[in-house]
Amino acid sequence: MKKDNKINRLRNIGIIAHIDAGKTTVTERILYYTGRSHKMGEVHDGEAVMDWMPDEQERGITITSAVTTCEWKNSEIQIIDTPGHVDFTIEVERSLRVLDGAVGVFCAVGGVEPQSETVWRQADKYHVPKIAFINKLDRIGADFFRTVNMMTERLHARPLILQLPAGTEDNFSGVIDLLEMKQIIWDADTLGATYSSGDISPDDLDMAREYREKLIETLADADDEIADAYLAEEPISTENLIAAIRRATVSLKLVPVLCGSALKNKGIQLLLDAIVQFLPSPAEVPPTRGVHPETGEPVECLSKDNAPLAALIFKVSMMEGRKLCFIRVYSGKMKAGEDVYNSSRNKKEKLSRILRMHANKRERVDIAEAGSIVGVVGLKDSSTGETLCSAANPVLLEKIEFYEPVISVAVEPKTHGDQEKLDQVLEKFMAEDPTLKVRRDEDTGQIILSGMGELHLEIIVSRMLREFNTSVNVGKPQVVYRETIAVVSQASAVFDKEVAGHHHFGEVRLKLKPVSRGAGNSFKSEITDETIPAAFIPAIRKGVMESLESGSLMGYPVADVEAVLVGGSYKDSIGTELAYTVSASMACKEALAAGQPFLLDPIMNVEIFIPESFMGEVIGDLNSRSGKIEAIDSQRGFQVIKATVPLASMFGYSTSLRSATQGRGTYTMQFARFDRK
């Protein structure tokens, strides 16, 4: 690859989808056809290259996002294969934060499923251009057009159909390319590595012409050049169509739709062509913006090797006991052995080694240039969401948002040897996974792990034993509640003591008000400088916010409360920050207790797929769990029930659903909000 235009030939993409839509199978085929791997790994055999963790291989699901690089038609494609299970949605969030494009994989039978909606919204949040690949067209019940319609209804996307399936279910033989107006058939003898194009079968020709016309009409709505040619009834070349589709995709106006069957080795090469043709290079997306860490002035990070360094750590992993940081270089370049500046911590760090990743295998490189996604060894203090730059040109990039845990388990070490290792092991897991929280219960002495779901915590406990030989006893899962107040309350507190030879004085009067659900906690001051000098307000705010981390009922974090500083007093020479922090905390705790506190349950969005004959029993069971039915849809003989249910009522639900539906019902669940039952 020529040095001067390497960045234009680079594609940073993620494979995103609902669990079991076929993301990892698509990625395995991409690696095989690009020559990156010489054997097709199958998820169901536990041999997928990208699912390298033992837990992933046993369960047949992706748990951690894996990075790899391959080449296709003189372009370098850096791929992140992300999990589909809701418990590991942080892996998708932090991957999309650093990607320039995404391939959304949809199951042609299930259509747009709940986690597909979640990951699509995450991609929209970061303005990531997308391509859709409708997979599993060989399966019974596959429906290409229903899935495209669901993309419009549920994702509010504007699909641009570029391919049609040639046959469906058992008769699925290939795809019809609407750009070239050719039918493409894959050779089963070569595992789909070779394919041929020919004339469209007479049975499908009318449909192909109709959808070719729709393709041009849709494109004319989004692109002025095509609109001018279309209105003038001029012929439009394939090259002009491809250029227009690229412009519409990069500007997020349209989503190109392709189709195939990854398991049957059909459609992957055309998907690779589309990734290269339609998704942007790092040079084509808007420059990443940050701020100067000291002045707060905006800083633009241009995707050029000769620009100042700006890179984001989007993931930390402990591989073979060593800390490996996954980094996206936005501008400038990093060299192995050099120092970099962590602007998030105001510290210098040394890049011992730079690694190009291929799942859990790595290859040493000397330089990481603009646009690269690499692993770095040697960063001692840096962690997820932090910025690396040059000390001469500091910049602070936007941090990654993390989710709050909703479920907890108590763990205790089985032996004295396990006790010694446990703290270190948990520290490593927390460095890897920002959604895992650990605290020690002061009453029982137990260690409480909090995470995103039962599976999340199950995997953590499994990895303790597998990777670190640390055994623990695990208690039953407990829900992580929130606390709030029902009425406005007031309290005041005075701190007037001598500490370490110095007299400290501070008096604070606070008013706490309940606010609407989801509004969060806030603090404001309604006093003048004469009452308490402005210099002490940050200390009071700190005391209030710290005390809201633990409520008066059961010690859960407090949510949706506005704290107002309404009074207090100040004594010259003995008024101190310590005194105001402590008195604010005391006043806040007293006001919380007086505000008629109550618990907020984590409420989950639940989507249940069942045959129609079991509707009554399933709805009755949901009602007994304090569930609220939001909608019931019909899909090909199945009923889809959408409901909101308190998480505390959902333990063991999969067993109940299986027994109520003779094993035919399935469900998905994701966090919605904290609210009263």
Side-chain angles (χ1 to χ4, degrees), residues 293-294 344-347 381 383 423 426-427 430 437-448 450 481-515 520-599:
E294 289 164 16
S344 306
R345 292 180 181 256
N346 193 17
K347 274 190 173 182
D381 299 315
S383 64
D423 288 344
L426 290 175
E427 205 172 297
M430 282 196 291
K437 299 280 191 287
V438 178
R439 67 179 176 88
R440 195 175 289 275
D441 189 306
E442 291 175 8
D443 297 330
T444 63
Q446 288 177 311
I447 292 169
I448 309 295
S450 302
Y481 294 94
R482 291 287 181 272
E483 296 185 20
T484 192
I485 56 173
V487 297
V488 176
S489 61
Q490 282 199 39
S492 61
V494 180
F495 185 87
D496 188 0
K497 284 185 180 176
E498 195 170 293
V499 179
H502 293 284
H503 202 127
H504 298 264
F505 175 85
E507 182 184 2
V508 168
R509 188 160 77 253
L510 286 176
K511 179 161 70 175
L512 298 188
K513 300 179 188 174
V515 293
N521 296 330
S522 61
F523 171 85
K524 70 177 183 180
S525 170
E526 290 182 351
I527 63 168
T528 61
D529 282 6
E530 285 76 37
T531 309
I532 299 173
F536 294 109
I537 302 300
I540 295 171
R541 185 185 190 283
K542 181 185 172 199
V544 169
M545 288 304 175
E546 283 178 356
S547 64
L548 291 178
E549 289 173 10
S550 174
S552 58
L553 265 184
M554 296 173 72
Y556 290 111
V558 178
D560 305 333
V561 167
E562 181 185 52
V564 185
L565 177 60
V566 292
S569 63
Y570 169 73
K571 290 185 181 177
D572 207 14
S573 78
I574 59 170
T576 63
E577 288 189 1
L578 169 68
Y580 282 108
T581 300
V582 174
S583 57
S585 179
M586 290 160 58
C588 188
K589 293 251 181 251
E590 196 178 319
L592 282 172
Q596 296 178 19
F598 62 91
L599 290 180

Minimum-distance pair of heavy atoms, taken over all atoms of E590 and S492: OE1-O, 3.7 Å

Rounded distance [0.5 Å steps], CD in Q490 versus NZ in K511: 6.0 Å

F505/V494 under side-chain contact (heavy atoms from CB on, under 4.5 Å): CA gap, chis, key distance, verdict: CA-CA 7 Å; F505 175 85; V494 180; 3.8 Å; yes

Backbone N/O of F523 and side chain of R541: donor-acceptor pair under 3.5 Å: no

Side-chain donor or acceptor of S585 paired with backbone N/O of T581 under 3.5 Å: no

Chi angles and distances behind the side-chain contact (heavy atoms from CB on, under 4.5 Å) call for L548, L592: CA-CA 9 Å; L548 291 178; L592 282 172; 4.2 Å; yes

side-chain contact (heavy atoms from CB on, under 4.5 Å) between F536 and V508, worked out: CA-CA 11 Å; F536 294 109; V508 168; over 6 Å; no

Exam field: side chain N521 to backbone V558, donor-acceptor pair closer than 3.5 Å: yes

Gap between atom CD1 of I447 and atom CG of L426 - 0.5 Å precision: 6.0 Å

Any K513 side-chain heavy atom under 4.5 Å of I485 side chain: no

Closest contact, heavy atoms only, P514 versus A486: CG-O, 3.7 Å

side-chain hydrogen bond (donor to acceptor under 3.5 Å, both in side chains) involving Y570 - partner list, sequence neighbours excluded: D572

Separation of K571 NZ from H504 NE2 (nearest 0.5 Å): 14.5 Å

Heavy-atom closest contact (E577 atom, A535 atom, distance): OE2-O, 4.3 Å

E427 atom CD, neighbour heavy-atom count above 12 within 6.0 Å: no

Selection residues 549-558 - residue pairs positive for side-chain hydrogen bond (donor to acceptor under 3.5 Å, both in side chains), sequence neighbours left out: none

Rounded distance [0.5 Å steps], CZ in R345 versus OG in S383: 4.5 Å

Which atom of I537 lies closest to which atom of S525, heavy atoms considered: CD1-OG, 4.0 Å

Backbone of L553 reached by a side-chain donor or acceptor of E483 within 3.5 Å: yes

Spacing of S583 atom OG and I532 atom CD1 [to the nearest 0.5 Å]: 7.5 Å

Which atom of S522 lies closest to which atom of M545, heavy atoms considered: C-CE, 3.7 Å

Set of salt bridge (Lys or Arg N to Asp or Glu O under 4.0 Å) partners for E530, sequence neighbours left out: none

T531 (side chain) donor-acceptor with G567 (main chain) under 3.5 angstrom: no

Gap between atom CD of E294 and atom CG of N346 - 0.5 Å precision: 7.5 Å

Residue pair L565, L510: steps toward the side-chain contact (heavy atoms from CB on, under 4.5 Å) verdict: CA-CA 5 Å; L565 177 60; L510 286 176; 4.2 Å; yes

